[in-house]
Amino acid sequence: MMSGNDLTRNEVIQLLLRVGIASFVTFFSLKYLMNALDPTKQSKKKAKNRAEHQLKRLKNIEGVSVDTSSFSEYELVIASHLIIPEDITVTWKDIAGLDTVIRELRESVVLPIHYRSMFQKSQLYQAPKGVLLHGPPGCGKTLIAKATAKEAGMRFINLDVAMLTDKWYGESQKLASAVFTLAEKLQPCIIFIDEIESFLRCRNVNDHEATAMMKTQFMALWDGLSTESGSIVIVMGATNRPQDLDKAILRRMPAQFHIGLPSEEQRGRILRLILSTEAVAEDVDFPRLAKLTTGFSGSDLRELCRHASVYRIRELMDDFDSAGGVLRASTSASRSPPAISMADLLSSFAKMRENKLHTGLLMAQESRIDLD
């Protein structure tokens with residue numbers, strides 16, 4: 001017969017086993033339910049598939065030994081925004097009017113990477129850990145960042161700040177850490193942050209605790225990048241509000257380049273570059289257009305030319321309407337596209353100037369209302 005102590009001991013063991021099994025089942029059931037109800041589940045799955053695809057392409061194209069199993073789930077989320085240099089179509093030839101900035105970028109960023117073996121012992125001529133491109137919107141900051149990565153042969157992580165935020169406590173810090181661990185594994189690498197002031201603006205007491213922790217960890221990891229150990233990771237940011245950036249961020253971005261509005265001579269070169277692939281009439285007066293478009297950014301000039309290319313199809317539309325809404329494929333294929341005329345460009349300019357004046361008046365009215 002079993003003693004009372006033995007019976008009590010067995011009952012305790014059975015009770016502990018039941019509690020353990022119930023806790024085990026409950027834990028995994030809750031975990032399954034949380035995953036099933038996670039609204040970001042599908043997007044995370046797509047991000048992981050895209051990351052694995054890009055990493056495999058990196059191995060096939062550049063012969064880099066990449067083992068996807070060695071990447072954490074957080075690194076795969078970040079890697080979904082990886083751009084391989086071969087996929088970047090922007091080159092220095094696609095950027096007009098910024099020769100001085102391009103030369104300085106090549107001297108301070110590209111050449112130290114290309115000739116790093118030559119200057120390996122130098123403590124001065126090294127690629128900076130941070131590069132800031134600042135200036136008005138639409139002046140080519142993003143194009144310059146991509147062209148820099150293209151020429152330097154660096155992998156390009158177009159960091160979407162929104163993916164660093166997560167509803168679970170501590171996940172944002174893990175994602176921020178994954179940005180740098182992934183960049184270290186894929187170096188040479190550029191981490192590009194567009195509108196960087198929205199993420200790393202001046203810290204204040206009103207910041208949310210999770211946001212403040214993420215900023216602090218991001219800067220700490222950034223400082224951990226050591227050029228002396230051969231790490232080639234550059235954080236490149238673009239902003240049109242550099243005054244909103246935290247002073248600690250500006251300190252980490254010693255290489256700063258102002259990308260201003262193009263001058264008259266630069267506007268002429270930009271217009272010629274934009275229209276170089278189009279049929280242009282002989283009456284197009286580039287110097288006159290460059291003089292008229294004072295205050296236009298590079299993107300404004302591209303939009304002006306795009307509107308002009310729309311105006312030139314009016315002749316085709318007339319043919320289309322006269323044919324009862326039907327044009328023969330053989331007829332349309334044999335015809336050359338109409339040339340963009342000076343009249344088309346002037347009409348486009350007048351339309352854009354009207355829109356700019358209207359937008360300016362609305363902004364002025366809103367400012368007066370706010371003051372009142």
Side-chain angles (χ1 to χ4, degrees), residues 39-40 43-44 47 74-75 77-83 90 101 128-149 156-180 182-183 189-223 225 233-261 297-300 359 362-363 366-367 370:
T40 62
S43 60
K44 287 180 179 178
Y74 302 101
E75 290 173 340
V77 171
I78 305 299
S80 64
H81 293 263
L82 172 66
I83 301 175
V90 181
V101 174
K129 292 191 293 183
V131 177
L132 180 64
L133 307 174
H134 60 93
C139 292
K141 296 184 288 294
T142 304
L143 290 178
I144 288 175
K146 291 182 178 179
T148 302
F156 191 85
I157 299 177
N158 191 12
L159 187 62
D160 182 5
V161 177
M163 69 182 174
L164 296 182
T165 58
D166 197 283
K167 62 182 180 295
W168 302 113
Y169 186 82
E171 292 295 291
S172 296
Q173 287 76 26
K174 292 178 182 177
L175 286 168
S177 177
V179 173
F180 291 94
L182 174 68
C189 183
I190 288 178
I191 302 169
F192 179 68
I193 309 174
D194 200 6
E195 305 297 341
I196 190 174
E197 81 285 352
S198 63
F199 172 44
L200 298 172
R201 64 171 59 248
C202 294
R203 290 168 290 177
N204 56 61
V205 294
N206 296 322
D207 283 347
H208 191 275
E209 179 186 358
T211 304
M213 289 175 62
M214 184 170 61
K215 287 181 182 179
T216 302
Q217 184 176 18
F218 193 92
M219 288 188 286
L221 293 166
W222 190 348
D223 262 345
L225 297 175
V233 177
I234 298 174
V235 179
M236 185 175 287
T239 179
N240 55 3
R241 299 182 62 84
Q243 68 275 10
D244 289 346
L245 283 172
D246 195 290
K247 291 182 179 179
I249 297 300
L250 293 174
R251 195 268 298 173
R252 288 168 172 81
M253 293 182 137
Q256 300 180 12
F257 302 91
H258 177 69
I259 316 297
L261 289 171
S297 65
S299 62
D300 290 336
T359 304
L362 286 177
M363 293 178 66
E366 290 176 356
S367 298
D370 292 338

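Given the structure is predicted, the values throughout are model-derived calculations rather than measurements. For reference, positions follow the sequence shown, starting with 1.
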Rounded to the nearest 0.5 Å, the CG atom of Asn240 sits from the CG atom of Asp194 at a distance of 9.0 Å
Hits for salt bridge (Lys or Arg N to Asp or Glu O under 4.0 Å) against Asp246, two or more places apart or cross-chain, chain-then-number order -> Arg203
- Message: Would you say NZ of Lys146 has more than 12 non-hydrogen atoms from neighbouring residues, nucleotides or ligands within 6.0 angstrom?
- Response: no
Rounding to 0.5 Å, atoms CE (Met253) and CG (Leu133) come to a distance of 8.0 Å
Rounding to 0.5 Å, atoms OG (Ser198) and CZ (Arg241) come to a distance of 11.5 Å
#### Entry: Verdict with supporting geometry, Val131 and Thr148, side chain to side chain contact (heavy atoms under 4.5 Å, CB included)
CA-CA 11 Å; Val131 177; Thr148 302; over 6 Å; no
Do Ile157 and Val179 have side chains that approach each other closer than 4.5 Å (heavy atoms only, starting at C-beta)?
no
Rounded to the nearest 0.5 angstrom, the CZ-NZ distance for Arg252 and Lys247 is 14.5 Å
In short, Val77 meets Ser80 closest at the heavy-atom pair O-OG, 2.5 Å
In short, Lys141 meets Gly135 closest at the heavy-atom pair NZ-O, 3.2 Å
Between the CE atom in Met236 and the CG atom in Asn158, the distance rounded to the nearest 0.5 Å is 12.0 Å
Heavy-atom nearest pair, Pro254 first then Pro128, reads CG-CB, 4.2 Å
For a side chain to side chain contact (heavy atoms under 4.5 Å, CB included) check, start with the C-alpha distance between Lys129 and Val235, then their side-chain angles and the critical distance, and finish with the verdict. CA-CA 6 Å; Lys129 292 191 293 183; Val235 179; over 6 Å; no
The reported gap from CD in Glu197 to NE2 in His134 (rounded to nearest 0.5 angstrom) is 12.5 Å
Hits for ring-ring contact (aromatic ring centres under 6.0 Å, His included) against Phe156, two or more places apart or cross-chain, chain-then-number order -> Phe192
In terms of heavy-atom contacts, Ala178 and Ile78 come closest through CB-CG1, 4.1 Å
Closest non-hydrogen contact found for Pro136 with Leu261 is CG-CG, 4.0 Å
For Cys139 and Gly260 the tightest heavy-atom approach is SG-O, 3.7 Å
### Query
Has the side chain of Trp222 got a donor or acceptor atom that lies under 3.5 Å from a matching backbone atom of Ile249?
no
